[in-house]
Amino acid sequence: WTTTVQFTIPENAVPVYGVSLDASEVRLDGAPDEDLEFDVTVENTGNSRDSFTLKLNNENVVTNWNPRFSKRSISNLDAGTSRTVQFFVSVPSSGMKNGDETEFRIQAESEGDSTKTDELYLEVQVIIVYDVFISAEDNSITASVENEGIIRLTVENIGNIDDDFTLSA
């Protein structure tokens, strides 16, 4: 005698692992000494609950930017769901020129299958502004050849970096 058994294998009977990285902004502008924050979204693209490890692939190149994550790992993320973490950098206070760009390579790795990774490139452009505002205490003075006048000036650095100013008459 012969019998037929029919059954359905659940979709997640064989775990499939996957991960995707995204960011609301992949490029930010920053001034020297400014702290910047990227929102990085980690999505579980597999069919099973998984955990993920985040790392910076070029950390040795950008250490003077003080790169750091709000969390380096995400635990127990259900299939098809995502979680957002923050990635912070601090623009160095010196050694930067206007327009300098630095790239940060973020990687997420599945703990269920370490061959499943995704990489995201984040970029910061340094914006340096040199600017000065000069104001006089009085709008007018009275002076003559025998009586010199004194004008009190206020010089204010309204740029975003330390600067030196020279006044001449």
Side-chain angles (χ1 to χ4, degrees), residues 1-131 156-164:
W1 73 275
T2 307
T3 185
T4 303
V5 177
Q6 185 175 352
F7 59 92
T8 304
I9 299 175
E11 189 177 307
N12 62 353
V14 176
V16 175
Y17 297 100
V19 62
S20 176
L21 285 175
D22 197 11
S24 54
E25 293 184 79
V26 293
R27 180 187 169 112
L28 295 175
D29 293 337
D33 273 335
E34 185 176 1
D35 293 325
L36 302 175
E37 176 181 324
F38 292 91
D39 290 326
V40 177
T41 301
V42 180
E43 181 183 2
N44 181 351
T45 59
N47 68 359
S48 300
R49 179 180 290 191
D50 198 359
S51 296
F52 302 93
T53 302
L54 297 171
K55 67 180 181 178
L56 182 60
N57 277 346
N58 61 335
E59 193 162 7
N60 60 330
V61 175
V62 294
T63 54
N64 61 327
W65 287 74
N66 190 24
R68 58 216 179 272
F69 292 93
S70 58
K71 294 179 83 167
R72 281 219 180 240
S73 63
I74 296 175
S75 300
N76 301 318
L77 191 59
D78 288 331
T81 63
S82 61
R83 197 166 301 150
T84 299
V85 298
Q86 285 67 45
F87 177 69
F88 305 97
V89 296
S90 300
V91 180
S93 60
S94 61
M96 304 304 299
K97 296 186 303 285
N98 193 46
D100 281 355
E101 295 179 351
T102 298
E103 185 176 78
F104 302 88
R105 294 192 336 255
I106 309 297
Q107 184 183 47
E109 180 180 295
S110 163
E111 290 183 10
D113 179 351
S114 62
T115 66
K116 302 300 180 186
T117 63
D118 193 22
E119 198 165 67
L120 178 66
Y121 294 83
L122 303 175
E123 188 176 281
V124 174
Q125 180 177 8
V126 178
I127 304 297
I128 296 176
V129 177
Y130 294 98
D131 204 355
E156 182 182 0
N157 180 358
I158 58 173
N160 64 6
I161 191 165
D162 290 344
D163 201 358
D164 295 319

Applying side chain to side chain donor-acceptor pair (under 3.5 Å), can you list everything that pairs with [X], at least two apart in sequence or on another chain?
| X | result |
| --- | --- |
| D39 | Q86 |
| N44 | none |
| D113 | T115 |
| D35 | S90 |

Ignoring hydrogens, what is the shortest heavy-atom contact between [X] and [Y]? Give both atom names and the distance.
| X | Y | value |
| --- | --- | --- |
| V91 | P32 | CG1-CA, 3.7 Å |
| A23 | L120 | CB-CD2, 3.8 Å |
| S48 | A79 | N-CB, 3.6 Å |
| K116 | G18 | CB-CA, 4.3 Å |
| V124 | G30 | CG1-N, 4.4 Å |

With [X], which residues qualify under side-chain contact (heavy atoms from CB on, under 4.5 Å), at least two apart?
| X | result |
| --- | --- |
| S75 | S51 |
| T45 | S20, E43 |
| D100 | M96, K97, V126 |

Q. Which residue pairs pass the ring-ring contact (aromatic ring centres under 6.0 Å, His included) test with at least one member in residues 88-115, sequence neighbours excluded?
A.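 Pairs touching residues 88-115 that pass the test: W65-F104, F87-F104.
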Q.
Can you pull out every ring-ring contact (aromatic ring centres under 6.0 Å, His included) where at least one residue sits in residues 25-52? Sequence neighbours excluded, please.
A.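 For residues 25-52, and leaving out neighbouring residues, there are no ring-ring contact (aromatic ring centres under 6.0 Å, His included) pairs at all.
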Q) Under 4.5 Å between any side-chain heavy atoms of L21 and L54, yes or no? A) yes
Q) Is there side-chain contact between L122 and V89, with at least one heavy-atom pair below 4.5 Å? A)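 No. Closest side-chain heavy atoms not under 4.5 Å.
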Q. Under 3.5 Å, is there a donor-acceptor pair between the side chain of D118 and the main chain of A108?
A. no
Q | Expected output: side-chain N58 to main-chain R105 donor-acceptor under 3.5 Å | A | yes
Q) In Å, rounded to the nearest 0.5 Å, how long is the span from CG of L56 to CD1 of I106? A)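 Going from CG on L56 over to CD1 on I106, the span is 5.0 Å.
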Q | Separation between CG of L36 and CG of L28, rounded to the nearest 0.5 Å | A |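 Nearest 0.5 Å value for the CG-CG distance: 5.5 Å.
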Q. Does any pair with a residue in residues 45-58 pass salt bridge (Lys or Arg N to Asp or Glu O under 4.0 Å), and if so which ones, sequence neighbours excluded?
A.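 Every pair satisfying salt bridge (Lys or Arg N to Asp or Glu O under 4.0 Å) with a residue in residues 45-58: R49-D78.
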Q: From the options T84, T53, V85, select the one residue that forms a side chain to side chain contact (heavy atoms under 4.5 Å, CB included) with I74.
A: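 Result: among T84, T53, V85, V85 is the only option passing the side chain to side chain contact (heavy atoms under 4.5 Å, CB included) with I74.
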Q | Qualifying residues under salt bridge (charged side-chain N to carboxylate O under 4.0 Å, His left out), relative to R72, sequence neighbours excluded | A | E59
Q. Listed by chain and number, what are the salt bridge (charged side-chain N to carboxylate O under 4.0 Å, His left out) partners of E123, not counting sequence neighbours?
A.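 So E123 forms a salt bridge (charged side-chain N to carboxylate O under 4.0 Å, His left out) with R27.
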